[in-house]
Amino acid sequence: MRARNIWPHVWLVLGVLIFSFPIYITLIGSTHDASTIGRGDVPLLPGPHALENYAQAWGSGGGRYMGTPAVQMLANSLAMALLIAAGKIVISLLSAFAVVFFRFPGRMICFWAIFITLMLPVEVRIIPTFEVMVNLSLVNTMAGLVIPLIASATATLLFRQFFMTIPPEFVEAAKIDGAGPMRFFKDVVLPLSITNIAALFVILFIYGWNQYLWPLLIINDRGLETIIVGLTKMIGGGDSQNEWNVIMATAVMALLPPVGVVLLMQRWFIKGLVETEK
Amino acid sequence: MATLNLRGIKKRFGDTQVLHGIDLDVADGEMIVIVGASGCGKSTLLRIVSGLESATEGQILIGGRDVTALEPAERDIAMVFQNYALYPHMSVFQNMAYGLKIRGLPKAEIESRVAEAAKLLDIGHLLDRKPRQLSGGQRQRVAMGRAIVREPHLFLFDEPLSNLDAKLRVTMRAEIRRLQRRLAVTSLFVTHDQVEAMTLGDRLVVMHQGRAAQVASPMEVWSKPADTYVAGFIGSPSMNFLPATMEQDGVVLLDSGERLTLVTPIPGSTGRAVTLGIRPEHLSPAEAGLALRVELLEPLGSETVVHGRMPDGTALTAKLPGMVPEGTDLLLRPDSAWLHVFDRETGRRISA
């Protein structure tokens, strides 16, 4: 019994090792100086230059263009990801609330219109979107960065499905209690969807954090550079030596906020799994 | 404390007429039970009174005030739902206090009202719990408590006992009745269970296909059903219906050939085609009477339900005291004081 149980663990540990090896290399790489990595060595043990690498990445940046310091790019990325995630959640909560709990003319048309946009990823509509943003002179602004990404058909659909499982008696009880629609939304719908919101927040934050194509297009201003785009720009085209030590330090820093969000929200996931309130 | 008056309530869903004009006057403090098979419109009627549904036609007055156009919250009513509809994320206290909080009552008054209701229902120790931590009976009490704290003019119950197990249902039934008497709040109670209806109501409204077939006290509904539907619906086992003709004003000739004499003759009914109704409990073994070929015995302990057929093939059910030996044929005599005569065409009661 015991011996047989060992194999699944061996496989799991092996999987974890393979999965985490690149991250380990990045972590180790960020502790050596540029010349060590430049020679083509791939060190497997930590070196002595961790502090200066991180200080350079954090404070002044690196790479060919001596780019934006990581602290600024991290702040930009954080602002963008938070605005996108929060905006998506607020908008989809409200639109799902309208579609599920109200009977208004064109309700199903609204629903299908939202649903159909699921089929259009950012890349498909990127040229018209860019045109619109240029005409609104939102190029190189945080608003221009966030607004095209702020509505989510997926989240609307998920909230709609969840709201449809709320028993209609709650609506009726609230009507008899004298709660208006927004009061009902705030006092009943919102507390019931809190675990769904937490789960979606994690997914949407990471979605926002990892945005690449759209920030690359709309932002030319170094002051608004996001970390994912900035990180790629640090790697040169091969005509000069890359400062891999600084790049790897920046990469480690770019990893941390999504990890933090996942850890922070994990509590809510578990709560959502343990408590089946309904 | 208020009266309730319904004036010609009609309801149409598209082309389907659900209610065909209901008139009802409920006295202050009275408990009215609306009973009927599923689909008869009883829940729709309750929802129209609550304001969750609007009537196509008609008028609703609570305490003399026309509330037809008002929102549910403005009607001064409280409703207990079939599945209780307790908000799962709120504690018992918050559930009971929610309506009062929205009305903007001062905190101290909310607390005293909830405490009072909790004491009345014996749920004081549960106030901090969430609904999911409660048993079915406790949830039921909390749902009642939520209605009581509002101190409404009118209680509405939408089959509140149907989610409970049989034993608890009997206890809660008695408790609701006691509580309603004590608080003396006018109440409408919807159910499909005739035992609930008989035991709870001051008066019953027996609904059939969107009409009030009979509005009367439980005993009157039982002893003088207005038509064959009410007669068959109230009482268990159901009333036997035998086709017959009025031979004279006071003598009924069954199609199977037997003659029965009525205690009170029905003037001018001679020759009329009728349906004779006999409750199973009003048949007793005798030397001469209706011959019954026994097909099935259901012993219930103190009594036995006998299912069988008369010689002409008409089914007949009797409820006889004690044990009935198996495999025998019986001669049964109906109690002539309890014969119900209905018109064969319309099903309306014609005997007094």
Side-chain angles (χ1 to χ4, degrees), chain A residues 89 93-94 96-97 100-105 107-108 158-201 265 267-278, chain B residues 43 46-54 67 70-91 94-105 110 129-134 139 142-143 145-147 149-150 152-160 163:
Chain A
I89 285 173
L93 269 173
L94 288 174
F97 182 65
V100 174
F101 291 103
F102 292 88
R103 301 278 164 277
F104 53 90
R107 190 174 67 96
M108 281 324 277
L158 285 172
F159 281 129
R160 171 182 179 264
Q161 296 311 108
F162 172 70
F163 288 173
M164 297 211 321
T165 69
I166 293 180
E169 283 83 1
F170 288 173
V171 183
E172 296 179 346
K175 272 189 197 162
I176 289 181
D177 275 330
M182 287 328 281
R183 189 84 199 241
F184 173 69
F185 179 72
K186 179 174 102 37
D187 287 347
V188 179
V189 174
L190 219 50
L192 287 178
S193 14
I194 199 81
T195 47
N196 289 44
I197 292 175
L200 262 176
F201 180 82
M265 290 288 167
R267 195 166 77 84
W268 290 95
F269 281 142
I270 293 165
K271 205 179 160 205
L273 290 175
V274 174
E275 285 178 23
T276 38
E277 292 187 306
K278 234 182 289 151
Chain B
S43 285
L46 191 80
R47 292 167 60 82
I48 287 173
V49 174
S50 74
L52 293 171
E53 205 88 64
S54 59
V67 298
L70 296 185
E71 287 292 313
E74 299 163 339
R75 295 188 177 196
D76 215 353
I77 52 160
M79 188 155 168
V80 179
F81 292 88
Q82 181 172 359
N83 62 4
Y84 320 135
L86 300 173
Y87 308 120
H89 57 288
M90 295 187 194
S91 70
Q94 288 168 321
N95 261 293
M96 286 167 73
Y98 188 57
L100 305 180
K101 204 173 115 190
I102 287 177
R103 269 198 229 162
L105 258 59
I110 294 179
R129 297 221 195 145
K130 292 274 176 70
R132 82 193 122 85
Q133 297 166 309
L134 304 177
R139 282 182 207 190
V142 175
R146 180 161 72 167
V149 292
R150 222 163 294 163
H153 281 332
L154 185 63
F155 273 142
L156 303 173
F157 297 90
D158 187 8
E159 307 209 22
N163 280 2

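Keep in mind that this is a model prediction, so the values were computed, not measured. Residue numbers start from 1 in every chain, and the chains themselves are labelled A, B, ... in the order their sequence lines are given, proteins ahead of strands.
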For the CD atom on B:E71, are there more than 12 heavy atoms of other groups (residues, nucleotides or ligands in this structure) within a distance under 6.0 Å? no
Can you give me the closest heavy-atom contact between B:P72 and A:I176, atom names plus distance? CB-CG1, 4.0 Å
Roughly how far, to the nearest 0.5 Å, is CZ of B:R47 from CD of A:E172? 4.0 Å
For a 4.5 angstrom cut-off between non-hydrogen side-chain atoms, does A:V188 reach B:H89? yes
For B:R103, is it the side chain, the backbone, both, or neither that has a heavy atom closer than 4.5 Å to a heavy atom of chain A? neither
Taking every non-hydrogen atom, the tightest pair across A:F170 and B:Y87: O-CE2, 4.0 Å
Which atom names give the shortest non-hydrogen contact between B:A85 and A:E169, and what distance separates them? CB-CB, 3.5 Å
Which answer fits B:L100, side chain, backbone, both or neither, if we ask what part of it has an atom under 4.5 Å from a heavy atom of chain A? neither
For the residue pair B:I102 and A:G178, what are the closest heavy atoms and their distance? CG2-O, 3.3 Å
Inter-residue atom distance B:M90.CE - A:L192.CG, 0.5 Å rounding: 8.5 Å
Is B:R150 in contact with chain A via its backbone, its side chain, both, or neither, using a 4.5 Å heavy-atom distance? side chain
